[in-house]
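Let me begin by presenting the structure, written as structure tokens, before commenting on it.
For this chain, numbers begin at 1 and follow the sequence in order. Just so we're clear, the structure is a prediction, and the values are computed from it rather than from any experiment.
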Amino acid sequence: MAEQTFIMIKPDGVQRGLVGEIISRFEKKGFFLKGLKLISVDRSFAERHYSDLSAKPFFSGLVDYIISGPVVAMVWEGKNVVTTGRKIIGATNPAESAPGTIRGDFAIDIGRSLCNRNVIHGSDSVESGRKEIALWFPEGPVAWSSSVHPWIYEN
Ligand code: CMP
């Protein structure tokens, strides 16, 4: 199976109407959308998603942020999609994200609370992607036949 990553448009990205723009950037790059849902998650789910960060001082603010509104959860597929997806997204702190990246174009800096409102999340490794996809899509991503989109698998 081709490489997959988990991408989440955070509540600020949804509320600001950036969903179409963000999806478009991944589509135009040539990645393949394998799963998508608009979903509101509760505190315990958000804590599970960010469990690796539970010791960080910004953890509770981060969880408050993620549960503050619906998010768009997605699975994207394609060659090097984890690393390239992170390049499309830009650096974690929008103040350091290059123009042309999603955070560089649509966010300014760390937000008012302790929490960094940075529009979007992308898995930081193939293994994290596997875990995050399993958490967010326990039913399995929507699967299209690879024969319908053969060019995705030729890179
Ligand atoms: P994300 O890509 O979702 O991965 C972890 C999140 O933690 C990150 O984006 C930010 O939203 C948040 N985060 C990381 N570092 C900080 C920080 N120094 N202060 C506040 N939030 C942070």
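Between E21 and F106, some side-chain heavy-atom pair lies under the 4.5 Å cut-off. Residues L36 and V75 are not in side-chain contact: their nearest non-hydrogen atoms beyond the backbone lie 4.5 Å or more apart. A heavy-atom distance below 4.5 Å is found between the side chains of F58 and L53. When side chains are defined from C-beta on, I88 counts as touching F31, because their heavy atoms get closer than 4.5 Å.
The heavy-atom pair separating P138 from L135 by the smallest distance is CD-O, 3.5 Å. The shortest heavy-atom contact between G122 and I7 is CA-CD1, 3.8 Å.
The hydrophobic cluster containing I108, built from Ile/Leu/Val/Met/Phe/Trp/Tyr side-chain heavy atoms closer than 4.5 Å, comprises no other residue.
Partners of V126 under the side chain to side chain contact (heavy atoms under 4.5 Å, CB included) rule, at least two apart in sequence or in another chain, are E3, V82, R130. Take A134 and apply the side chain to side chain contact (heavy atoms under 4.5 Å, CB included) test, not counting sequence neighbours, and it matches no residue. The side chain to side chain contact (heavy atoms under 4.5 Å, CB included) test applied to D52 returns no partner, not counting sequence neighbours. Among residues two or more places apart in sequence or in another chain, the side chain to side chain donor-acceptor pair (under 3.5 Å) test is passed with N80 by none. Partners of R86 by side chain to side chain donor-acceptor pair (under 3.5 Å), not counting sequence neighbours: none found. Not counting sequence neighbours, K131 has no partner by the side chain to side chain donor-acceptor pair (under 3.5 Å) test. Annotation: side chain to side chain contact (heavy atoms under 4.5 Å, CB included) contacts of I39 (sequence neighbours excluded): K37, V41, V71, A73, W136. When the side chain to side chain donor-acceptor pair (under 3.5 Å) test is applied to R16, no partner is found at least two apart in sequence or on another chain.
Formation of a donor-acceptor pair under 3.5 Å by the D105 side chain with backbone atoms of P99 is not found in this model. N118 places no side-chain N or O within 3.5 Å of a backbone atom of P94 that could act as its donor or acceptor partner. For S123 (side chain) and T5 (main-chain N/O), no donor-acceptor pair under 3.5 Å exists by modelled atom type.
Pairs of residues two or more places apart, or lying in two chains, that qualify as ring pair (Phe, Tyr, Trp, His ring centres under 6.0 Å) and include a residue from residues 73-104 are F26-W76. Applying the side-chain hydrogen bond (donor to acceptor under 3.5 Å, both in side chains) definition to pairs two or more places apart or across chains, none involves residues 95-104. Judged as a salt bridge (Lys or Arg N to Asp or Glu O under 4.0 Å), the pairs with a partner in residues 56-73 (not counting sequence neighbours) are, in order, R43-D64.
For the atom pair F6 CZ and H49 NE2, the distance stands at 5.5 Å (nearest 0.5 Å). A distance of 11.0 Å separates CG in L62 from OG in S54, rounded to the nearest 0.5 Å. Here the straight-line distance linking atom CD1 of I102 with atom CD1 of I89 works out to 6.0 Å at 0.5 Å rounding. Here the straight-line distance linking atom NE2 of H121 with atom CD of E132 works out to 3.5 Å at 0.5 Å rounding. Note that OG of S40 and CD1 of I66 are 11.5 Å apart. Values are rounded to the nearest 0.5 Å. Rounded to the nearest 0.5 Å, atoms CE (M74) and CD1 (I23) are 5.0 Å apart.
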Pair S125-S128, side-chain hydrogen bond (donor to acceptor under 3.5 Å, both in side chains): steps then yes or no: CA-CA 5 Å; S125 67; S128 299; 3.0 Å; yes
Residue pair Q4, I133: steps toward the side chain to side chain contact (heavy atoms under 4.5 Å, CB included) verdict: CA-CA 9 Å; Q4 293 188 333; I133 290 167; 3.8 Å; yes
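Salt bridge annotation for D42-R48: absent, with no cationic side-chain nitrogen under 4.0 angstrom from a carboxylate oxygen.
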